[in-house]
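Since the structure comes first, as structure tokens, the remarks are kept for the end.
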Number of protein chains: 2
Amino acid sequence: MEGQASMDEKTKTDGVRPTATQSGAPSNAQSGLQTGNPQAAPHLPGNDRPTLKTIAYMTGLGITTVSRALKDAPDIGADTKERVRLVARQVGYQPNRAGVRLRTGKTNVISLVLSLEEEIMGLTSPIVVGISEVLAATPYHLVVTPYSPSRDALAPVRYVLDTGAADGVIISRTEPKDARVALMLERNFPFATHGRTDMGLAHPYHDYDNEGFAYAAVRALVERGRRRLTLLQPPRHLTFHRHMRNGFDRAVRDFGVETIPFDTVDIDHSLIDIRTAFESLLRGGAVPDGIVSGSGAGTIALIAAIEATGRKIGTDLDVVSKVPSDFLGWLRPEVITMKEDIRHAGHELAKAVLARIAGRPPEELQSLSGLDKAKT
Amino acid sequence: MEGQASMDEKTKTDGVRPTATQSGAPSNAQSGLQTGNPQAAPHLPGNDRPTLKTIAYMTGLGITTVSRALKDAPDIGADTKERVRLVARQVGYQPNRAGVRLRTGKTNVISLVLSLEEEIMGLTSPIVVGISEVLAATPYHLVVTPYSPSRDALAPVRYVLDTGAADGVIISRTEPKDARVALMLERNFPFATHGRTDMGLAHPYHDYDNEGFAYAAVRALVERGRRRLTLLQPPRHLTFHRHMRNGFDRAVRDFGVETIPFDTVDIDHSLIDIRTAFESLLRGGAVPDGIVSGSGAGTIALIAAIEATGRKIGTDLDVVSKVPSDFLGWLRPEVITMKEDIRHAGHELAKAVLARIAGRPPEELQSLSGLDKAKT
DNA sequence: ATGACCAACTGTATCGTTGCAGTTTTTTCG
DNA sequence: CGAAAAAACTGCAACGATACAGTTGGTCAT
């Protein structure tokens, strides 16, 4: 391979590479008698990838015609289109993304904005994988744009909007009144959220049915005879705090059991903090005999606390946990788990943004998952 | 906000948006009397983001001058540079990526190529986070390009090379003779690998010291009096299979203990398979009293097998596991763990590609981590 | 004074693509 | 048969940035 590395004519000094020593793929080889004879030696990008110009030369057509043929425009003859397509396929033509983007503004990029906080217990992996799997069948690329929890969550979104860095955005960790959602809606920018909002504004989302989860979790505990329940909940500022709380409280009311407050920590706290907090709850006066955990990682801290106080899960108390994978099921089968399929969420979210970009109305792009729990 | 949404003159009908209904950020508003009077109403992108043209107009300089001033070129006056920089900062100028990319070929993108297989136990999360943290301080974006294990691992790399989709690539799961590495070296394309190769060719890499890990693991087992050891190893085709195997075998020799073969599965197998295989080993004739596990996820399957056969870790046998996080430490403190810091690997890999892009020689961009193990 | 030289700045062409406004050819029809 | 219309194709300009080859105006030595 490589073979004929024939230097182009004179002006071969267009190779760019600002700081780099190596040259890599794009080399911008350039030649062609610019003004001279109109129909001769039409440049033909040396070893480079084919462009419209290449195909135009090969077919004897104009660049515009080729462009329009590949777009299946109505004013191009059927046989011409066929011929162009054939040649394009033959030479492996792929439109230059920079060219398209410069001209049309279309980036063919979806930006996944995520909090570094989500790293805990790796929600990132499966969501990235899920999104990728959908995008793989499209011309879209996935750009991951993380922000540190300390910084403004709005910043990355604003960046994308201001620079037009992507055609669509996926965000997570939504709040009831979410500034990012407000901003993107105002600018009419395609996006989808992992989690709902509560602003009376329709937008694409995918969410796990946390209310259903919490309700089912309480029921499971009650069925095991537990009557003094508590909840390791999401941080108050996120939308799904309310959902989970509602489900929990409603079930508690419905089943007529007692609750023990456990408000000092939430699932965003460090495992150490959660463990410490739960341990002191367990050593205190009002001790729960059942706990619902809104996070797989948090559950690990709870387990540690429980065992540190000499209690036994399944005997002294029961734990129901939402989990992103089934590690817990392997290591602590006595914990009741309900799986949240994050990869599936990735699929849904990706499909939603794409549909939104294609112009589908937001109302049709909302989905909820849950209920199919895997008890152990 | 929004305020003065003054429509531009006549030719404002350039707004593009092929398929989309919504318009989003880039709108390509365009006007300006093209030929007429040379120094008048110079277009000034309506509400859009500023370009070099904007700054040129504001400063009264030429576009070229502005471009060169912002690049700190030597042929621009010091005070002019200062003035340009000021205005640029003032209007929030950010170079249009498509423009730069089209002209120079520089994408400002790093492509992370990963196997969907890696999803297991989420190595993806921390490596993405680690890379992002480094790139955050640069103009680089991170594009995630996964490939399904069934498909050709070479495909995504070839794609990047052929289309110039990125300035640098990060790959993992290297093989001793790695086709991707060969290809990128041949094309002199900047990249870094997570894992080494064995082709006698220098390239940037970061690797975990799997040999050291395995050696230390065996020592830890021997110190606990274990003498019949086995290894849950990486798949044979990956480079670190040899490393880990070497460390294991050398330690076994050095400490004069026995080994039990366990070759039917490797860490890429499903947890079910691993568990089944290990269970049948445990129920067989030659039973190990110590096992070294090359993967945190795999260890979970091993534990399950051990407990299913009524054995107790720490008593009947010991387990040493490499882990990416410390979940195991929380849930099975009796397992001896050694942490592989994947996020750190992300840092190193990102720094390595960037340095390579900047022209630093590969030999200087190789790093190994390990040894700082966290025993429990 | 006059040419050489330098510092500071600018115009033009170009990357690949596409919207727009043609142009050429063929067909249709009064 | 000639004009209008349709079909098929094409050139130009522009998106934003930059390499290159100037241009301008001044300083200095001869």
Side-chain angles (χ1 to χ4, degrees), chain A residues 10-18 26-32 34-35 38-39 43 45 48-56 59-71 73-81 84 93-106 163-164, chain B residues 11-18 26-32 34-35 38-39 43 45 48-56 59-71 73-81 84 93-106 108 163-164:
Chain A
K10 44 192 173 181
T11 18
K12 61 114 178 47
T13 353
D14 202 8
V16 185
R17 267 320 84 154
S27 90
N28 263 12
Q30 191 270 343
S31 62
Q34 38 249 80
T35 25
Q39 187 69 299
H43 169 215
D48 270 336
R49 52 192 295 226
T51 69
L52 289 179
K53 196 192 283 191
T54 316
I55 301 176
T59 55
L61 296 164
I63 293 178
T64 303
T65 311
V66 174
S67 171
R68 300 189 51 67
L70 290 174
K71 298 211 124 47
D75 61 350
I76 305 294
D79 39 353
T80 301
K81 281 182 193 169
V84 169
Y93 170 75
Q94 291 190 261
N96 179 304
R97 305 190 122 230
V100 174
R101 178 166 174 178
L102 182 57
R103 180 67 238 246
T104 68
K106 186 122 213 299
T163 64
Chain B
T11 18
K12 59 119 177 43
T13 352
D14 202 6
V16 188
R17 259 331 78 153
S27 91
N28 263 10
Q30 192 271 341
S31 63
Q34 38 252 77
T35 25
Q39 186 69 297
H43 168 218
D48 268 338
R49 51 191 296 227
T51 70
L52 289 180
K53 195 191 282 191
T54 316
I55 301 177
T59 55
L61 295 164
I63 294 179
T64 304
T65 310
V66 173
S67 172
R68 299 189 52 67
L70 290 174
K71 297 212 123 48
D75 61 349
I76 305 293
D79 38 353
T80 301
K81 281 182 192 168
V84 170
Y93 170 74
Q94 289 190 263
N96 179 304
R97 304 190 124 231
V100 175
R101 180 165 170 178
L102 181 56
R103 179 67 238 246
T104 67
K106 186 123 213 298
N108 283 303
T163 64

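First the proteins, then the strands, lettered A, B, ... as listed; each starts at 1.
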With B/D75 via side-chain hydrogen bond (donor to acceptor under 3.5 Å, both in side chains) - residues at least two apart: B/R68
Given C/dT18, C/dC15, D/dA17, the nucleotide with the shortest approach to the side chain of B/T51: D/dA17
Contact under 4.0 Å: B/K71 side-chain N or O vs D/dT18 OP1/OP2: yes
Results of side-chain contact (heavy atoms from CB on, under 4.5 Å) for A/I63 - residues two or more places apart only: A/L52, A/K53, A/A56
From OG1 (B/T65) to CD1 (B/I55), nearest 0.5 Å: 12.0 Å
Below 4.0 Å: OP1/OP2 of D/dT18 and any side-chain N or O of B/T104: no
Side chain proximity check, A/L102 to B/R101, heavy atoms < 4.5 angstrom: no
Nucleotide D/dT18, atom P - distance to NZ of B/K106 in whole Å: 12 Å
Taking every non-hydrogen atom, the tightest pair across A/Q94 and B/T163: OE1-CG2, 3.5 Å
Rounded distance (Å) that lies between atom C1' of C/dT17 and atom CG of A/L52: 6 Å
Spacing between B/R103 atom CZ and D/dC15 atom C1', to the nearest angstrom: 15 Å
Contact pattern, 5' to 3', of nucleotides 5-10 of chain C - B, S or - by protein heavy atom under 4.0 Å: ---BBB
Distance, rounded to the nearest Å, where A/R97 contributes CZ and C/dG16 contributes P: 16 Å
NZ on B/K106 to CZ on B/R97, rounded to 0.5 Å: 9.0 Å
Rounded distance [0.5 Å steps], CG in A/L61 versus OG in A/S67: 12.0 Å
Residue pair B/T51 / B/N96, side-chain heavy-atom distance below 4.5 Å: no
End axis versus end axis in the helix from C/dA1-D/dT30 to C/dG30-D/dC1, the angle rounded to 10°, five pairs used at each terminus: 70°
d(CD, B/Q94; C1', D/dA17) in whole Å: 15 Å
Interatomic distance, B/L70 CG vs D/dG16 P [rounded to whole Å]: 16 Å
Between D/dG11 (P) and A/K53 (NZ): distance, integer Å: 12 Å
For atom CG of B/N96 and atom C1' of C/dT17, their distance in whole Å: 14 Å
Partner of B/V66 by side chain to side chain contact (heavy atoms under 4.5 Å, CB included), out of B/T80, B/V84, B/T54: B/V84
